[in-house]
Amino acid sequence: MASQSMEIMAKVLEQQVLQSARMVEEQLDAELGKLERMDDDEMEKLKERRMEALKKSQKQKQEWLGKGHGEYKEIPSEKDFFPEVKESNRVVCHFYRDSTFRCKILDKHLSVLAKKHLETKFIKLNVDKAPFLTDRLRIKVIPTLALVKDGKTKDYIVGFTDLGNTDEFPTEVLEWRLGCSDIINYSGNLMEPPTLTQKSGSKFKVEKKTIRGRGHDSDSEDD
């Protein structure tokens, strides 16, 4: 009986795969048909639109690079924070302390993501040089990432709770978490984190943290 059920399920899955393949093939045929029916003028217009889109993309890239995107850099003091977040639409700011080991872990991942996501500025600020700002943003846990969009702090990543609660999380998990806050252009599935090879008991817990409602974490600013 069990073997018959398995055979039925296998046949159903096979039919679903074949149906999906046929749909993709039909869509490709339709697109190819459109191209074949285009005359020279329409093809030329299509090329012009693509070139225009490419030029626009390159111009935007150059603007981002001119504003310091594409690299993970430290800002000297808290007074530099406000100009940085005002000139860029999306900013990730790492509030760190030299003596906190987890900050060094984040540095490694943020350096990678800064190069990959030019649409977002990645900066870091030493909390010992920013007493007013850390108090204003109510930053009590180090490390904390402040996620700033359109000049306003929209969310926080406090400690590693949102990253599987492990020091060994891959860069892809941090990338996914930033995508959940729409602070980067994320192309993966936001409904679940990337596959994480983690120790038993590691869990993901993602909560939006505003200035008024902050999540709890095992690390404190004094760590």
Side-chain angles (χ1 to χ4, degrees), residues 55-163 171 174-187 206-215 217 219-223:
K55 288 178 182 178
K56 188 176 181 180
S57 175
Q58 288 297 321
K59 183 180 178 182
Q60 178 67 84
K61 180 179 178 181
Q62 290 304 315
E63 286 180 3
W64 283 333
L65 291 174
K67 292 177 180 179
H69 294 221
E71 62 176 342
Y72 176 50
K73 66 177 184 179
E74 180 164 4
I75 56 177
S77 65
E78 59 188 357
K79 69 179 182 181
D80 300 289
F81 175 83
F82 299 101
E84 292 285 351
V85 301
K86 283 181 179 178
E87 74 170 0
S88 298
N89 292 332
R90 292 187 280 189
V91 179
V92 175
C93 184
H94 174 199
F95 287 86
Y96 82 98
R97 176 174 281 131
D98 283 326
S99 59
T100 304
F101 174 70
R102 282 189 162 185
C103 293
K104 294 177 175 60
I105 296 175
L106 270 184
D107 283 339
K108 178 185 69 174
H109 295 299
L110 292 170
S111 295
V112 173
L113 292 175
K115 293 180 177 66
K116 182 177 180 180
H117 291 279
L118 295 182
E119 72 276 8
T120 302
K121 178 184 288 183
F122 289 79
I123 58 178
K124 61 188 292 189
L125 177 60
N126 190 326
V127 293
D128 294 328
K129 298 179 181 179
F132 166 76
L133 189 59
T134 52
D135 182 64
R136 177 175 172 176
L137 298 181
R138 298 186 184 179
I139 293 173
K140 303 297 182 184
V141 175
I142 301 300
T144 285
L145 298 183
L147 312 183
V148 186
K149 192 171 184 181
D150 298 325
K152 297 180 180 179
T153 306
K154 298 294 186 180
D155 196 7
Y156 297 86
I157 299 177
V158 181
F160 286 3
T161 302
D162 293 355
L163 307 173
T171 304
L174 176 56
E175 183 179 29
W176 165 79
R177 177 60 183 85
L178 294 173
C180 289
S181 295
D182 194 32
I183 207 70
I184 60 170
N185 295 336
Y186 186 70
S187 59
V206 177
E207 296 177 355
K208 276 212 168 186
K209 304 170 185 69
T210 61
I211 293 177
R212 292 183 179 179
R214 302 300 300 275
D217 194 272
D219 295 333
S220 68
E221 191 177 332
D222 296 327
D223 282 352

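One-based numbering along the sequence shown. Everything quoted here is computed from the prediction, not taken from an experiment.
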Please report the closest heavy-atom contact between [X] and [Y], naming both atoms and the distance.
X: H117; Y: E175; answer: NE2-OE2, 2.7 Å
X: T100; Y: P143; answer: CG2-CD, 4.3 Å
X: C93; Y: L125; answer: SG-CB, 4.2 Å
X: D162; Y: Y156; answer: OD2-O, 4.3 Å

Check: Is there a side-chain contact between R90 and N185, using heavy atoms and a 4.5 Å cut-off?
Finding: yes

Margin query: Before you tell me yes or no, could you show the steps for L137 and T144 under side chain to side chain contact (heavy atoms under 4.5 Å, CB included), namely the whole-Å CA-CA distance, both residues' side-chain angles and the distance that decides it to 0.1 Å?
Written below: CA-CA 11 Å; L137 298 181; T144 285; over 6 Å; no

Roughly how far, to the nearest 0.5 Å, is [atom2] of [Y] from [atom1] of [X]?
X: L110; Y: H94; atom1: CG; atom2: NE2; value: 6.5 Å
X: I142; Y: R102; atom1: CD1; atom2: CZ; value: 12.5 Å
X: L147; Y: D182; atom1: CG; atom2: CG; value: 10.5 Å
X: Y72; Y: K124; atom1: OH; atom2: NZ; value: 4.5 Å
X: Q62; Y: Q60; atom1: CD; atom2: CD; value: 10.5 Å
X: D128; Y: S99; atom1: CG; atom2: OG; value: 7.5 Å

So, [X] side chain and [Y] main chain: donor-acceptor pair closer than 3.5 Å or not?
X: D135; Y: F132; value: no
X: S88; Y: V85; value: no
X: E84; Y: I123; value: no

Note to self: Atom NZ of residue position K86 - does it have more than 12 heavy atoms of other residues, nucleotides or ligands inside 6.0 Å?
What the structure shows: no

Practice problem: Flag yes if more than 12 heavy atoms outside K104 fall under 6.0 Å of its NZ atom; otherwise flag no. | Solution: yes

For the pair K154 and S181, evaluate side chain to side chain contact (heavy atoms under 4.5 Å, CB included) and give the outcome as yes or no after the intermediate values. CA-CA 8 Å; K154 298 294 186 180; S181 295; over 6 Å; no

Query raised in the report: Should the ring pair F81 and F95 be called parallel, tilted or perpendicular, given that the plane angle runs from 0 to 90° and is split at 30 and 60?
Result: tilted

The residue among L178, V141, I183 that forms side-chain contact (heavy atoms from CB on, under 4.5 Å) with I157 is L178

In V91, V112, I184, the residue satisfying side-chain contact (heavy atoms from CB on, under 4.5 Å) with F122 is I184

Practice item. Could you go through the side chain to side chain contact (heavy atoms under 4.5 Å, CB included) check for V127 and Y96 one step at a time? Key: CA-CA 6 Å; V127 293; Y96 82 98; over 6 Å; no

Result for salt bridge (charged side-chain N to carboxylate O under 4.0 Å, His left out) between K121 and one of E71, E87, E63 points to E87

- Item | Test salt bridge (Lys or Arg N to Asp or Glu O under 4.0 Å) applied to D155 and R177, step by step | CA-CA 11 Å; D155 196 7; R177 177 60 183 85; 3.0 Å; yes

